[in-house]
Amino acid sequence: MSNLISIKSATLSEDIAQQLTNAIVQGDIPQGSKISEPELAKQYGVSRGPLREAIVKLEGLGLVTRTANVGARVIQLNTQDMLDTFAMREALEGMAARLAASSMPTDEINSLYALLDKHQAHLDANQDEHYVQQGGNDDFHLRIIHASGNGKLIRLLTEELYAVIRMYRRHTADQRSDPRQALREHKAILDAIANHEGDLAELLMRRHISRASKLLEQAMQHAVVTSL
């Protein structure tokens, strides 16, 4: 019976962690805000035990920091952390693209072309509004990461960096221009993967993420200036 209770508790804490992650990434729980366990326990209708387990998971994802005698707070995004994070992302996702070029099945490549068509249709129908809310199976980058087939690489990008990367992407989405450029770059990366050109796929992915990092840096600096 104790094992069943443990499994249920773990499942509940994982569900709460996912909900809290989405709330933080989307800005529903603001940057720098204090995590109130009583309020969240009441909001989600759970006991403090699973909630605390969920908060520990958020710490592992880099979304929450805990300070003695202060408690847990949502991280505050900053330019230097973004640059450090995206430098790691550039190297790791470049490697993922190169590996995917030799291992991605044809049906998955075709599925990714269909996904990019879906993104194109979104831009056409929404006056070029950026598709920042993409996630899971609709996230082009995440699909390529999983197609790399490298378990350690996948864990680093999807468990340790992904939530914070999503948070940066969401935070500055409204200040970035020309989402069609990002779509063109995605198509070029996928063409290289489809043609089994690993070196080219890595180069294009690294350029794509480097460009995104520069745009994010400009957007974050602009946000600081306008808030003064």
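Positions are given from 1 along the sequence.
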Of all heavy-atom pairs between [X] and [Y], which one has the smallest distance, and what is that distance?
X: L58; Y: A17; answer: CD2-O, 3.7 Å
X: G62; Y: I75; answer: O-CG2, 3.2 Å
X: L204; Y: A188; answer: CD1-O, 3.6 Å
X: R143; Y: S111; answer: NH2-OG, 2.6 Å

Which pairs with one or both residues in residues 191-217 pass ring pair (Phe, Tyr, Trp, His ring centres under 6.0 Å), sequence neighbours excluded?
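Non-adjacent pairs meeting ring pair (Phe, Tyr, Trp, His ring centres under 6.0 Å): H141-H208, H186-H208.
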
Strictly by side chain to side chain donor-acceptor pair (under 3.5 Å), give each pair with a member in residues 40-50 just once, sequence neighbours left out.
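Qualifying pairs: E37-R48.
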
Where do Y162 and D139 land on the side-chain contact (heavy atoms from CB on, under 4.5 Å) test, with the steps shown first?
CA-CA 11 Å; Y162 185 61; D139 191 323; 2.6 Å; yes

Please evaluate residues M167 and V74 with respect to the criterion side-chain contact (heavy atoms from CB on, under 4.5 Å), reporting the C-alpha separation (whole Å), side-chain torsions for both, the decisive distance (0.1 Å), and the verdict.
CA-CA 11 Å; M167 195 173 176; V74 177; 4.1 Å; yes

Starting from the C-alpha separation in whole Å, work towards a yes-or-no answer on side-chain contact (heavy atoms from CB on, under 4.5 Å) for R184 and K187.
CA-CA 5 Å; R184 288 191 292 269; K187 287 182 176 178; 5.8 Å; no

Sub-4.5 Å side-chain heavy-atom contact between [X] and [Y]:
X: R207; Y: R211; answer: no
X: L20; Y: L51; answer: yes
X: R180; Y: D124; answer: yes
X: L161; Y: L92; answer: yes
X: K57; Y: S13; answer: yes

What residues, two or more places apart in sequence or in another chain, satisfy salt bridge (Lys or Arg N to Asp or Glu O under 4.0 Å) together with [X]?
X: K118; answer: D138
X: R73; answer: none
X: E197; answer: none
X: R66; answer: E59

Name each donor-acceptor pair under 3.5 Å that joins a side chain in residues 153-160 to protein atoms two or more places apart or in another chain, with its distance.
{"residue": "T158", "atom": "OG1", "partner": "I154", "partner atom": "O", "Å": "2.6"}

Which residues share a side-chain contact (heavy atoms from CB on, under 4.5 Å) with [X], sequence neighbours left out:
X: A100; result: M104, I144, A147, I193
X: S210; result: E90, K214
X: D81; result: N78, T85, V164, Y168
X: P30; result: S33

Applying a strict under-4.5 Å side-chain criterion to I, L, V, M, F, W and Y, I'd like to know whether L83 and I209 cluster together.
yes

Single-linkage hydrophobic cluster L61~M88, side-chain heavy atoms < 4.5 angstrom
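Cluster IDs for L61 and M88 match.
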
Just checking, any donor-acceptor pair under 3.5 angstrom between side chains of R166 and T21?
no

For the residue pair Q18 and E14, confirm or rule out a side-chain donor-acceptor distance under 3.5 Å.
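No.
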
Partners passing side chain to side chain donor-acceptor pair (under 3.5 Å) against Q80 (at least two apart in sequence or in another chain):
D84

Between E202 and R98 (side chain of the first, backbone of the second, donor and acceptor by atom type, cut-off under 3.5 Å), is there such a pair?
no

Where do L215 and Q218 land on the side-chain contact (heavy atoms from CB on, under 4.5 Å) test, with the steps shown first?
CA-CA 5 Å; L215 291 174; Q218 292 170 8; 4.0 Å; yes

